[in-house]
2 protein chains.
Amino acid sequence: MHEPLLDLRKLRYFLAVAERLHFGRAALDLRISQPALSRQVRQLEHDIGTDLFVRTSREVTLTPAGEQLLEDGRHLLAAARRAGERARRAAGQDRLTVGFMLGVQVDPLLAAFAAARPDVTVRLERLRWWNHGESLQDGRVDVAAIRLPVRSDEGLRMLTLDQERLVVALPAGHPLAGEASVPVGALSGEPVLRYADAGSAWNAFWTVDPRPDGTQPASGPEVRDMEEILAYVRAGRGVAFLPQPVTAAFRRPHIAYVPVSGVPPGTVVLAWPVTERSGPTRDFVEAVRAAGAG
Amino acid sequence: MHEPLLDLRKLRYFLAVAERLHFGRAALDLRISQPALSRQVRQLEHDIGTDLFVRTSREVTLTPAGEQLLEDGRHLLAAARRAGERARRAAGQDRLTVGFMLGVQVDPLLAAFAAARPDVTVRLERLRWWNHGESLQDGRVDVAAIRLPVRSDEGLRMLTLDQERLVVALPAGHPLAGEASVPVGALSGEPVLRYADAGSAWNAFWTVDPRPDGTQPASGPEVRDMEEILAYVRAGRGVAFLPQPVTAAFRRPHIAYVPVSGVPPGTVVLAWPVTERSGPTRDFVEAVRAAGAG
DNA sequence: GGGCATTGATGCCGGCAGGGCATCGATGGC
DNA sequence: GCCATCGATGCCCTGCCGGCATCAATGCCC
């Protein structure tokens, strides 16, 4: 009884492959494995009833059907996002969704807003560094407390909330693990763990590059998950930098977090789309601004 | 890592509810259970981030967001179907998908076509009485060997292929089970099993109504599945009419199939959309027509 | 006003799809 | 001719979807 209706998730996978003409790269970007992607695309081809790619082990090409679907699929996906956004928008002015990143304290913000607009119901949504832009743009969240950097093309307005000290994750046995703080230059020989598919801006963030003292980060293994980072660190395969507040969520035996000196702090901002969506959004920003001043 | 992207299956479910404002009816129409439907709609509401219905146990109403999504969703779903169709269409003229219903022999048709157009690759797709129209319209199949009736608004051209004798499924212990054939009038007292959500035309088909001898079919339990039919028949709870060729797929102990006399035969037709899609479609029809004449 | 029918929600379970890891096979490049 | 690249395949495991049974809320009717 199952419907062979077009599946937007598979369509999104297809588009990723079609735009890069490369399964491995597309899989990285989609944050799934290459085999999973291959299979999903195959299934899409079966659902539609025609091949979309010509695959050789050296090259991936679009079939005519693929070309057509690349064109239509982009519009379809955009229309789907718009539909969700418009529905949310129609829901009215008595609700507000606030995004936040791990470790960012939102309760003061919520308290300030609740005082100003007790009539508005607030929902919370956890964001990741790689999806905050999309979430704000398509209206899944109205306003979010996130870490810099943000891409300039994301169309966000921002208000600085806080500064976060940077710490380094070291294995407990590391010579520097006991220090009260460690200058970044002392870590220049250590390979730095990086997220596999971060853009250059986020890569710079994770590796603390450039560094005020001119030292260069050594490139370490690529990871895809915080637990992977911790496993590498514990094994002595590398170190990782992260904002101090997130460490609370990842206290582990054999892992030490040591504040890093000689680097600028990270910045937490309140961000919202330039295309202001709801009255509550503006009120939230204003309430936070006022509370910050007071 | 899961995407909260709009899911078209859930959207289709939502539309069914939104148009009927009734979960139970919509579930019947979608051929899933009411609990499953309720949950899918709930999940859609969670994905989008806002309620779509106001539910009381007496009435279901759309929220403003629901109204909006009803409007946009229809277009989105239509666009999705079109996208699939256009992709198939772009695939070119060297492939043809042939639909068929259970029990219809397609090999002569395929043989005739293979002789005429050996260059075309043929795919087969099994159709059901309740989805053949959609499949032909959105191009999932190019041409299909199906049973009448078809709805006149389905925009199909047709060519008669065959006539099928009607048989009745009886429990093996039934007094008429041993007969070589049974007049339809002899069955007028028996409750007739019917599909739960068939339109009136198909309902008439399953119940053999009206009957040439003027007898009236008695209404029996509604079923949703051929196996349910057989279970009912075996239990003596009712009888069911079906075209003789489909019985081959459902031979079972304790079930007897007896030809029915005094009723017109069923008709198998080759059907294709008036908006002729591919050259191969026309060639297929022509090959079948020619073979039928020969 | 109390039983009853209607209707959507919930608990529980089984099957399957989707994703991950390890590995294979094909294809160019050096 | 070896090797690197890259998509496909085998195997497993988890989570989701759907089904059945049942519950809870709400009008209706006598």
Side-chain angles (χ1 to χ4, degrees), chain A residues 1-14 16-47 51-63 66 196-197 221-225 227-228 231, chain B residues 1-14 16-47 51-63 66 196-197 221-225 227-228 231:
Chain A
M1 245 47 42
H2 40 81
E3 282 298 310
L5 190 65
L6 200 61
D7 177 352
L8 290 189
R9 183 172 37 81
K10 294 191 180 76
L11 179 61
R12 195 171 67 94
Y13 290 178
F14 161 77
V17 179
E19 285 168 0
R20 289 165 190 68
L21 293 177
H22 192 297
F23 279 76
R25 295 285 179 197
L28 262 182
D29 212 68
L30 292 168
R31 312 188 146 260
I32 63 174
S33 68
Q34 170 265 317
L37 178 57
S38 283
R39 258 187 298 235
Q40 292 299 313
V41 173
R42 281 278 188 227
Q43 288 198 9
L44 180 64
E45 290 175 322
H46 181 263
D47 289 347
D51 285 356
L52 299 169
F53 293 107
V54 179
R55 304 148 167 86
T56 76
S57 65
R58 267 298 145 194
E59 196 178 27
V60 173
T61 329
L62 284 165
T63 62
D197 43 4
E222 300 205 325
V223 298
R224 313 193 54 187
D225 183 277
E227 296 300 338
E228 286 184 24
Chain B
M1 244 49 38
H2 39 83
E3 281 300 308
L5 191 65
L6 203 59
D7 177 353
L8 289 189
R9 183 172 37 81
K10 294 190 180 76
L11 178 62
R12 196 171 66 96
Y13 289 178
F14 160 77
V17 179
E19 284 168 1
R20 289 164 191 68
L21 293 178
H22 193 296
F23 279 77
R25 294 286 179 197
L28 262 182
D29 212 68
L30 291 168
R31 312 185 148 261
I32 63 174
S33 68
Q34 170 265 318
L37 178 58
S38 283
R39 259 188 298 236
Q40 292 299 313
V41 172
R42 281 278 188 226
Q43 288 198 7
L44 180 65
E45 290 176 321
H46 181 263
D47 290 347
D51 285 357
L52 299 168
F53 294 106
V54 179
R55 305 149 167 85
T56 76
S57 64
R58 268 298 145 193
E59 196 178 28
V60 172
T61 330
L62 283 165
T63 63
D197 45 4
E222 301 204 326
V223 298
R224 313 194 53 188
D225 183 279
E227 297 299 337
E228 286 183 25

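Order of the sequence lines sets the chain letters (A, B, ...), proteins ahead of strands, with each chain counted from 1.
Checked against salt bridge (charged side-chain N to carboxylate O under 4.0 Å, His left out), A:D47 has no partners two or more places apart in sequence or in another chain. Listed by chain and number, the residues in a side chain to side chain donor-acceptor pair (under 3.5 Å) with B:S38 are B:Q34 (sequence neighbours excluded). Every residue meeting the salt bridge (charged side-chain N to carboxylate O under 4.0 Å, His left out) condition with B:R20, not counting sequence neighbours, appears here in chain and number order: B:D29. Every side chain to side chain donor-acceptor pair (under 3.5 Å) that B:E19 has, sequence neighbours left out, goes to B:R74. Take A:R25 and apply the salt bridge (charged side-chain N to carboxylate O under 4.0 Å, His left out) test, not counting sequence neighbours, and it matches no residue.
Counting distance only, with no hydrogens placed and no angle test, the side-chain atoms of A:Q43 and the base atoms of C:dA17 include no donor-acceptor pair under 3.5 Å. Evaluation of atom-type donor-acceptor distances gives no pair under 3.5 Å for the side chain of B:R39 against the base of C:dG8.
Taking the nucleotide of DNA chain C with the nearest heavy atom to each of A:A36 and A:R58, the more 5' of the two is matched to A:A36. Nearest-nucleotide assignment on DNA chain C puts the 5′-proximal partner with B:R55, out of A:L37 and B:R55.
Across all strands, B:R42 comes closer than 4.0 Å only to sugar-phosphate atoms, never to a base (heavy-atom distances).
One can place CG of B:L44 at 13 Å from P of C:dA9, the figure rounded to the nearest angstrom. If you take CD of B:Q34 and C1' of D:dA21, they are 12 Å apart, rounded to a whole angstrom.
When distances run from any side-chain atom of A:Y13 to the nucleotides D:dC17, C:dA9, C:dG19, the shortest one goes to C:dG19.
Terminal axes of the helix from C:dG1-D:dC30 to C:dC30-D:dG1 (five pairs each, C1' rotation axis) are separated by 20°, to the nearest 10°.
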